[in-house]
Amino acid sequence: MASMKTIVIGSGGREHAIAWALSRSPSVDEIVCVPGNGGTASEMKCRNLPVSGADAPSIARACLAELSPSDGGFVVVGPEDPLAAGIADLLQSAGLRVVGPRSAGAQLEASKDVAKRFMAKYGVACADSKTFDDPADAIAEIERINGPTVVKADGLAAGKGVVVAPDAKIASAAVRDFMVSKTLGGAGGKVVIEEYLEGEEVSILAAVSVTPELARDGKAAIVPFVPARDHKRLLDGAKGPNTGGMGAIAPAQGVDEAVLARFRADILEPTLRGLVAEGFDYRGFIFFGVMVTSDGPKLLEYNVRLGDPETQAVLPLMDFDFAELCAAIVDGSISSFSFKWKAGFSCAPVAVSRGYPGSYGKGYPIAVDRAAVAAAGAQIFAAGAGAGAATGKLVTSGGRVLASSARGATVEEARKNAYAGLAAVSFEGMTYRSDIGLPGAAVSGNLLSSDAS
Ligand code: AMP
Ligand code: GLY
């Protein structure tokens, strides 16, 4: 597969890491990032392609103008929205090879109710829950439980749809916000009221190759990557508001072989059986958001994509060719693919704009001392960073601006290298946590009132 052209859909740090991983493959000679960001604009072999609209048909048209079925390349879809809207269906029916599930499978992330029904139907270990479409019934259930609960809006809500409520008053208020005041629009039409679970969270990203044909041939498979851990709170010590993710470490500490064995038996295998039984064409990635409780690992959520910022920490640990993995996902050969992971750890702290996750300024120039980044052995993965119109230089354009990702033989060394990479970057209002990867840094001691995925 020499001289292959690939496309990456999305504009975040995850997509920069995916494009970077593809750029290192000798079989890939061009990566078109649709629309990409200020980091992918200058990444080796990469080119950004602006799109007229953010809707799936516009993105699909842009991809089809770039890649034809006879080129042998493929499209990797980064974020969940285009997947839920059927981008994989559109591209596949035009003959392109796509890494990302069709819309039916993407409902496992797009609807919490669909996900919970799937978990129950196939016996996936998870928190007990009930779904309601009437706020009075939801509040009656909350009052019956009369303790901590988790209130989840059914639909995609860009991380604003989950409230971990310490008591019935806060949970009921969340139900009224979602269902009566409709603070999330249509996403709050139904709510899931879920049992509150205590423990340490872990993100297990995995490659998935499931189609009815592969299942018939015994080749349907889900292969997990090294476990990772996100740090969702804004401040050191897991304090402050929740964010989209302030940094990640991989492999996640405390996730030993016994935990992974139970994860495989109680979560991964039932999920695979379910994807097969539903007859899905699901060839892409899946993200298991898992709480490791005293009663074993329990699934909190599925995402139908790689995690952000977990990807920025996990992909640098690959000791295999990412483009070959993408081809194996599409062709259905992941069960025989040779997954090898580098020894040691990878740490990826995120630099955010001051004010995030609330309001923040944009358009500040980002200075990067490339020599110092290289000396630290770090990679900068841009997220909310665009190219300035006047200068073409990097400027801030979002809340989570970039991540510095680096490996090390130990957690301490990975942290030291990653933070040395971050120290080589500066922009007005640059803010970051200093404890990404430290043991316990992702665990909050108190119940929170709002949460983000
Ligand atoms: P989700 O989008 O379902 O992963 O929820 C977002 C975040 O809310 C998770 O990453 C957890 O930190 C928290 N969360 C979700 N469900 C629960 C639960 N049942 N118990 C405790 N925390 C939860
Ligand atoms: N890091 C959590 C997510 O990607 O949803």
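Just follow the structure's listing: the first ligand is 1, and inside any ligand the first atom is 1. Since this is a predicted model, take the numbers as computed values, not measurements.
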Answer with side chain, backbone, both or neither: which part of Glu198 has a heavy atom less than 4.0 angstrom from an atom of ligand 1?
neither

Going by the order shown, which atoms of ligand 1 are within less than 4.0 Å of some heavy atom of Tyr196?
20 (N), 21 (C)

What do we get for Asn303 next to ligand 2 when only non-hydrogen atoms under 4.0 Å count, side chain, backbone, both or neither?
side chain

Just let me know how Lys232 lines up against ligand 2, side chain, backbone, both or neither, with a heavy-atom cut-off below 4.0 Å.
neither

Touching ligand 1 at all, Lys232? Heavy atoms, strictly under 4.0 Å?
yes

Of all the atoms in ligand 1, which lie at a distance below 4.0 Å from a heavy atom belonging to Lys112?
1 (P), 2 (O), 3 (O)

Checking Asp281 against Thr211: is there a side-chain donor and acceptor pair closer than 3.5 Å?
no

Look at atom 9 (C) of ligand 1 and find which of Glu201, Lys152, Met291 reaches it with the closest heavy atom.
Glu201

With sequence neighbours left out, what residues match Ser434 under side chain to side chain donor-acceptor pair (under 3.5 Å)?
Asp236

Return yes if a side-chain donor-acceptor contact under 3.5 Å exists between Ser203 and Glu310, otherwise no.
yes

Check ligand 1 against Glu194 and write out every atom of the ligand that is under 4.0 Å from a heavy-atom position of the residue.
16 (N), 17 (C), 18 (C), 19 (N)

So is there a nitrogen or oxygen of Leu197 less than 3.5 Å from a nitrogen or oxygen in ligand 1?
yes

Sequence neighbours left out, what passes salt bridge (charged side-chain N to carboxylate O under 4.0 Å, His left out) with Arg264? Give chain and number order.
Glu257

Could you tell me whether Lys342 atom NZ has more than 12 heavy atoms of other residues or ligands within 6.0 Å of it?
yes

For Asp230, the atoms of ligand 2 under 4.0 Å from one of its heavy atoms are 1 (N), 2 (C)

Short list, please: which atoms of ligand 2 are under 4.0 Å from a heavy atom of Gly307?
4 (O)

Say whether Asp308, considering both its backbone and side-chain N or O atoms, lies within less than 3.5 Å of an N or O atom on ligand 2.
yes

Step through it carefully: locate the ring centre of Phe320, locate the ring centre of Phe322, and say whether they are under 6.0 Å apart.
no

Using a plain distance cutoff, I'd like to know if Glu301 has any nitrogen or oxygen under 3.5 Å from a nitrogen or oxygen of ligand 2.
no

If you measure only the distance, is there a donor-acceptor pair under 3.5 Å linking the side chains of Arg102 and Gln92?
yes

Where ligand 2 meets Arg305 - atom numbers and elements under 4.0 angstrom, heavy-atom basis
3 (C), 4 (O), 5 (O)

For Leu300, which part has a heavy atom under 4.0 Å from ligand 1: side chain, backbone, both, or neither?
both

Tell me whether the rings of Tyr432 and Tyr419 are parallel (<30°), tilted (30 to 60°) or perpendicular (>60°).
tilted

Compare all side-chain heavy atoms of Glu198 with those of Met291 and state whether any distance is below 4.5 angstrom.
no

Using a 4.5 Å cut-off on heavy atoms from C-beta on, say whether the side chain of Thr311 contacts that of Leu205.
yes

Taking 4.0 Å as the limit for heavy-atom contacts, which would you say applies to Glu201 with ligand 2: side chain only, backbone only, both, or neither?
neither

